[in-house]
Amino acid sequence: MYRKVSVVRKAFSPRSDERGRLSFKIRVRAENKSWLHIGTGSVKLEVSENTPKYIDKLMCEGKLTLNSLKSAIDRGVIVVGYDYYECTRYHGRIVIPGSSLKGVCRSRIELLHRADDRGYVGSCFIRATAPVTQAPKKGVHGWRHYTIWGNVLGEYRGPPCQVTDRVSSVCSTCDVLGTSGLASKVLFGNLISGNAETVKLTLDFNEKIEAVKPGAVFEGDITFTSCNLAEVGLVLIGLNLHDPEKPILIGKSKYRSRLVVDGPPDVKGKRITFGIVNLKVTEILVPYRFKDYLNKVVGVETPYINELGFIVLKGVQVSKFVDKAVSETLNVNPWIREGIKVNELEILRSSGVMQ
Ligand SMILES: [Zn+2]
């Protein structure tokens with residue numbers, strides 16, 4: 001299964017030339033169909049209740065410096081424990097961070113690419129890990145990942161793209177999403193939830209996390225700068241935005257079910273799944289100067305214009321735009337025509353990895 005392949009690269013496209021290209025944004029709605037935990041890695045700390053009074057007093061007076069706090073912890077005067085891993089918040093609201101979204105989008109795009117018979121492929125792996133040389137056995141690190149992606153993980157694509165004074169050639173994924181020395185043309189905003197409810201769970205392996213209950217809705221924007229339709233389509237495919245019924249898997253424990261050792265009565269003692277999120281485009285906002293492009297290239301007419309001068313596409317116009325972009329991508333990118341059919345959740349379920 002190990003196979004050395006060549007990445008197809010060409011000069012990166014201009015970042016600010018709008019000829020034949022679009023700058024615009026899409027509004028995205030996400031709903032978690034399972035439990036969800038996307039953390040910053042920071043933990044909520046618990047301070048023991050028998051902390052001496054004089055420490056309290058010093059704190060109230062603002063006299064406790066960070067150093068003396070550390071030394072009090074070292075001496076055991078204050079006992080601090082880890083309570084649980086927190087979900088990511090933005091201004092107090094639970095979010096799916098844009099950076100996580102971008103990470104999933106990118107790694108999916110890379111893995112959806114398959115080298116052709118001649119040994120060429122349209123995308124590098126940005127994190128060059130050693131190619132898999134044989135299928136990992138069940139239970140061994142990486143076997144769930146392998147269950148989904150199979151032989152692609154055996155492709156050795158060499159070092160990732162990098163733009164320097166001398167090198168300006170990149171693969172199509174890096175051209176859109178950026179790489180070392182090259183800015184991304186797509187900005188992933190945080191998807192913010194207005195209704196997310198969280199609970200504290202203790203999972204197997206004594207992992208304590210704050211988790212979002214199923215059914216939370218998250219909303220936010222993804223902004224494109226000077227992208228052609230094929231590039232837009234690539235990003236849409238990366239997040240399954242072309243097929244809202246097909247979820248993406250995101251966050252902690254996304255490939256496995258976990259046992260709830262302690263938590264609310266309805267889940268305590270049961271196995272639950274994490275990270276199944278369905279995304280869809282609800283609106284597309286395009287600056288008025290692209291009106292002709294929308295008419296001629298995308299085939300969208302009589303647009304609605306909002307008070308800020310944006311053309312707002314909704315409903316069937318959104319579908320038309322998305323379909324057009326995705327078919328453009330498939331036209332110019334033969335390496336993802338097979339991969340686009342992959343449904344990670346279905347594979348995990350049918351292979352018994354996740355119930
Ligand atoms: Zn690349």
Side-chain angles (χ1 to χ4, degrees), residues 1-17 20-23 98-132 142 145-146 148-188 222-242 248 250 325-326 328-340 342 344:
M1 59 173 300
Y2 172 86
R3 188 179 174 211
K4 196 170 189 309
V5 300
S6 303
V7 173
V8 178
R9 293 183 166 100
K10 57 183 185 187
F12 67 82
S13 59
R15 307 282 104 176
S16 56
D17 184 353
R21 292 166 179 274
L22 272 177
S23 298
S99 55
S100 301
L101 211 55
K102 184 178 182 184
V104 170
C105 183
R106 169 159 222 144
S107 68
R108 288 194 75 257
I109 289 172
E110 291 173 6
L111 291 162
L112 294 175
H113 279 79
R114 305 284 149 93
D116 58 31
D117 294 341
R118 297 174 308 141
Y120 288 99
V121 67
S123 175
C124 71
F125 285 129
I126 197 76
R127 268 186 252 140
T129 48
V132 175
H145 195 56
Y146 181 83
I148 299 174
W149 300 108
N151 285 338
V152 180
L153 301 175
E155 288 182 11
Y156 177 62
R157 299 183 185 174
C161 307
Q162 194 181 5
V163 171
T164 64
D165 291 345
R166 288 191 213 150
V167 184
S168 62
S169 295
V170 293
C171 74
S172 54
T173 309
C174 289
D175 196 8
V176 185
L177 296 179
T179 183
S180 163
L182 184 66
S184 175
K185 294 206 284 188
V186 185
L187 184 76
F188 295 77
I222 299 176
T223 308
F224 297 79
T225 308
S226 301
C227 288
N228 64 32
L229 277 185
E231 293 172 322
V232 174
L234 192 65
V235 173
L236 298 175
I237 292 168
L239 291 174
N240 276 338
L241 283 165
H242 65 298
I248 57 162
I250 188 168
V326 169
E328 269 303 301
T329 310
L330 296 176
N331 269 342
V332 303
N333 189 333
W335 301 285
I336 60 164
R337 284 179 201 153
E338 269 307 300
I340 194 175
V342 170
E344 291 120 292

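Side-chain atoms are counted along with the backbone in the values below, which use heavy atoms only and exclude waters and symmetry mates. Numbering of ligands and ligand atoms starts at 1, following listing order.
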message: Testing the basics here: between Val332 and Pro334, what is the closest heavy-atom pair and its distance to 0.1 Å?
response: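 It is O-CD, 3.4 Å.
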query: Does the Thr225 side chain pair with the main chain of Ser23, one donor and one acceptor, at a distance under 3.5 Å?
result: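 Such a contact is absent between Thr225 side chain and Ser23 backbone.
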Can you list, pair by pair, the side-chain donor-acceptor contacts under 3.5 Å of residues 161-171, counting residues two or more places apart and other chains?
residue : atom : partner : partner atom : Å
Thr164  : OG1  : Arg166  : N            : 3.2
Thr164  : OG1  : Val167  : N            : 3.1

query: Under a 4.5 Å cut-off applied to non-hydrogen side-chain atoms, are Leu22 and Val232 in contact?
result: no
OH/Tyr120: more than 12 non-hydrogen atoms of other groups inside 6.0 Å: no
message: Please give me the protein atoms (N, O or S only) lying under 2.8 Å from the Zn ion (ligand 1), ordered by chain and number.
response: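 Cys124 SG, Cys161 SG, Cys171 SG, Cys174 SG, with waters left out.
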field: Ion pair check, Arg127 and Glu110, cut-off under 4.0 Å
entry: no
